[in-house]
Each structure stands twice: as C-alpha cells, then as structure tokens.
Amino acid sequence: MKVLLVNPVRQKMMPVHIPVRLGVLYSIGEMLGEQLSLGDLDAHREDDSPEAIRRDLKLAEWDLIHFSVDFDQYKHFRQIAPIFRKQLPNVAMSASGEVVDNLPRQFMKLNSEVDVVIFGNQERAFTELMARVEHKRWELVPCSAYRDKEEILLTDRLDYGTEDVQGLPFPAYGYIPLDVYWHFSAIFPFSSEAMTCKRRLSFLWERGNVRPGVDRAIENIRYCAFRYRIDFANILDKGFMADRKWLDMFLERYMEEELNEVVPFSCVADPKTVTDSGLIRSLKDAGCKFVELSLKGDNELVKGAVDSLTKVGINAHLTTEIGKPEQTFKDILDLTDFISKSKWGVDVNLFRQMPSDDWKDASYLEKYLEDYADPNPRVHFSKFDFGSLLAIQRLVQAKDVDKLRELGSFHTWS
C-alpha cells in the first residue's frame, strides 16, 4: 500500500516546528512494510501552491493520504484538502492531530473531503487504519470518527498504556527535512541559552499521563546525538519532573552516558516541583540550561522556584496568558506589578480558547479554527476588544505598570 503523510503549513513566519508525531506514524508504516512518503509542506513552502500540489499528485498513485492538523495548520489544511480530493477522488483520506483530538465529530462535519479521522491513541489507530483502507471498514478502526450516510459515528477511544508508549518507534528522522528546520531555528533561537546551538531537537514522550521507561528516553536522545549530532534537547513533557524516582534515574543515566557534555537540555516544570535543592543541583549537573515555568496561581511560589533555579545557574523562562474570559483588568494589573519587581523575562501570550465537540455553531467554529493562530483573530473570548488586548499585551510584556494604569483610566473595564 502507498501512503502519503502530509504536514500542512503552520501560521508561523518560518518553519521551526519539526513534525515529530508524523515521523512516528511514518516509522509505524515502515515497520509494517508499507510504502510511505512524507509531504512536508511546512518545510518546503515553495511547494505548497495549488499548482505545485496538483503537479506532484500526478506523479504517484496513493492508497491513503493522511494529514496531521494542529490548530495553527487548520487554515492551510482547509485550502489544500479540496485540491487533494478533486485531484484524487477515489483515494482514502484521513487526518489526526490537535484539532481532531479535540473535535473529532466537528472536524468530520466541517471537512467533507476526509473519510475518517483518528484521535486518542493515534499510533495504534493508525496501525488499524492502514489495515482497513482496501475495504474502507472504518468502523473497525479504534479511536476513529467516520461517516455512515449522513451521520458521524465514533468508535471506542483507547487510552495509552505503558506497553503502548514503551513500544513506540522513534520518529523517522531520516525522512524529515531536519536541516530546513535547523536553518530557520538557528536564525530565530528560542532562548539565549540555545543561541549557539544549531541542531536543536524537541522530545515529547508523554502520551496522556504515560511515559516510556528511562532507558527508552535516554536511548532516544543518545541516538539523535550520535546519528544527527543534535546539540540541544528541548524536553516538552509537562510531567517530566512529576515522578521523582523516574527523574532521578533519568538524570543519573544522562550523566553516565555523558550526554550532559554534548546535549544540554531544557524542560518544563510545575513550580511546586522545584523545591528540592538536591534535585535542582542534579538538574544543573546533568546539563539543564533552563526550566519553563507557567506564571499563574500562586505567584510567590513561582518566585521561590525562580530563585532556587537561578541560585545554581539555571535560568527560568516564564510564560503567562492574558485575555481569559474570567480575567479582569485588575488581575492583569496585579500580574504586571508582580513581574515588574523582578528581573525575569516573561513571555506574555494571548489566551486561546480550546474548542470542543460541544460547540454547535459550525460556521462560528470554522471561523474560529481558521483564526486560531492569526495575530488578529476575529473571534476571541476576552472582556476586552481585541485592539485593547494587543495594547495590554505589549504593556505587560514591557512591565510598564504606569502606562497600563493610564490605559485603564480611559476605559471602564471590570
């Protein structure tokens, strides 16, 4: 069977988001003996025009075309899906990704070009999907949504187990245009700690609340260090520091393998877990350069975590969101006043409501999805009009409490 995996263009200035999850699906198909090709339109943006797509689709016959669609890829997906369907009317088309995980039924309603979508345990679902393509028996694919005449039906969702995650193959890095992503990420370094690193790679092992064993995680980084000579690992698991026993073993193995000498890393942490001086010292010794913390809730707890990290030479990258439906102007003013009294750098992002299958207005939902990653979305959920929200964002980012108060004096925000 011939399978084409498609990575649509993200609404970002440059391609910097390596399609690792799509690479895992490629590896699964390869292990099963299928013929696969990865159409990375995000990396090769010169090939994403309708003319180029029509030209390339004439060059091969496919049995299955599978799209990976995150929220900031939906707008481009909507542009290209009709082209694929018109050019190849009889080919099975499927999709997975962030949008499908949150909106399996709504995604199918909005995108008539797609025959079936997979969500949840998408790796196991993809394995079953490929086995059902010939006869289009989508009802036999777990974690799927498909059409039965005018109705959208869902099969049972499968959660990840330890064996599922442990058995996942590494992404097919050799078929991903890593050099393209590294070229642009080197131009736009995501942190001062990584400015001199030119071959950065992100790792996301978690599936739900399940992670592979320490040996598997270490093997993944070690393989990339020696096969692709990566020089920085960005570990994205939100639960990376949640299990102290797992974390202690990981850091110990990292140093035993001498990865701390060649692949420094970053990680994400809940401020509550950054309290043990011994753990923080182990992070430092293992090569941790910075920890990403979310500034919400107990700000004093965050301050304590930042102080503990910086004391040993680990930088803290803080992120926060403004524009939540329940957030008042006073909340934002208090937040700005708090961060203005520190030397921290804080990334201030605009809140994006995560849609769900419960949203009934299809036209409203589609407009929201196409706007999701747009810097000037038509749909948002803040108490403030969008122009004011952008002005507030800039002042919070600049920690300018006085000008923020002045701006508030001209309005009646609550």
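Below, each value reflects all heavy atoms present in this structure, side chains not excepted, and no hydrogens, waters or symmetry copies. Everything numeric in this text was worked out from a predicted model, so none of it was measured.
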- Is a side-chain N or O of Glu206 found less than 3.5 angstrom from the main chain of Asp237, in a donor-acceptor match? no

- Item | Test log, rule side-chain contact (heavy atoms from CB on, under 4.5 Å), inputs Ile332 and Leu404 | CA-CA 9 Å; Ile332 296 175; Leu404 191 59; 4.3 Å; yes

- Message: Please check: side-chain N/O of Glu257 versus main-chain N/O of Ile218, any donor-acceptor pairing under 3.5 Å?
- Response: no

- Would you say Asn111's side chain and Val114's backbone share a donor-acceptor pair under 3.5 angstrom? no

- Query: Considering only heavy atoms from C-beta outward, does the side chain of Leu25 approach that of Glu123 to under 4.5 Å?
  - Reply: yes

- Item | Any residue meeting ring-ring contact (aromatic ring centres under 6.0 Å, His included) with Phe67, in chain and number order, not counting sequence neighbours | Phe77, Phe84

- Sidechain-backbone polar pair: Arg85 side chain, Glu113 backbone, donor-acceptor under 3.5 Å: yes

- Message: Regarding Arg244 and Asp276, does a basic nitrogen lie under 4.0 Å from an acidic carboxylate oxygen?
- Response: yes

- Go through the steps to decide whether Ser96 and Ser68 satisfy the test side chain to side chain donor-acceptor pair (under 3.5 Å), and finish with yes or no. CA-CA 5 Å; Ser96 61; Ser68 179; 4.8 Å; no

- Message: Strictly distance-based, threshold 3.5 Å: is any side-chain N or O of Gln73 a donor or acceptor partner for the main-chain N or O of Asp70?
- Response: yes

- Task: Output yes when a side-chain donor or acceptor of Glu370 lies under 3.5 Å from a complementary backbone atom of Glu366, and no otherwise.
- Result: no

- Task: Check for a donor-acceptor pair, side chain of Asn7 on one end and backbone N or O of Leu41 on the other, with a separation under 3.5 Å.
- Result: no

- Item | Glu219 and Arg216: CA distance, side-chain angles, deciding distance, salt bridge (charged side-chain N to carboxylate O under 4.0 Å, His left out) verdict | CA-CA 5 Å; Glu219 182 186 0; Arg216 184 65 171 167; 3.6 Å; yes

- For residues Asp285 and Tyr254, is any side-chain donor paired with an opposing acceptor at under 3.5 Å? no

In a table with atom names and distances, give each donor-acceptor pair under 3.5 Å that connects a side chain of residues 166-178 to protein atoms at least two apart or in another chain.
from: Gln166; atom 1: OE1; to: Gly213; atom 2: N; distance (Å): 2.7
from: Tyr173; atom 1: OH; to: Asn220; atom 2: ND2; distance (Å): 3.2
from: Tyr175; atom 1: OH; to: Glu30; atom 2: OE2; distance (Å): 3.1

- Message: Using a 3.5 Å distance criterion without hydrogens, assess whether the side chain of His76 forms a donor-acceptor pair with backbone atoms of Val9.
- Response: yes

- From Val306, Thr310, Leu293, residue fulfilling side chain to side chain contact (heavy atoms under 4.5 Å, CB included) relative to Trp344: Val306

- Item | Val274 vs Leu309 side-chain heavy atoms within contact, under 4.5 Å | yes

- Task: Could you tell me whether the side chain of Thr328 and the main chain of Asp331 form a donor-acceptor pair under 3.5 Å?
- Result: yes

- Message: Taking Gly278's backbone N and O only, do any of them form a donor-acceptor pair with Ser282's side chain (distance below 3.5 Å, no angle check)?
- Response: yes

- Quiz item: cation-pi between Arg200 and Trp182, 6.0 Å / 45°: no

- Grab the two heavy atoms, one from Val165 and one from Arg211, that are nearest each other, plus how far apart they are. CG1-C, 3.8 Å

- Using a strict cut-off of less than 4.0 Å between a Lys/Arg side-chain nitrogen and an Asp/Glu carboxylate oxygen, indicate whether Lys2 and Asp63 qualify as a salt bridge. no

- Query: Taking NZ, NE, NH1 and NH2 as the nitrogens, is one of them in Glu300 or Lys303 under 4.0 Å from a carboxylate oxygen of the other?
  - Reply: no

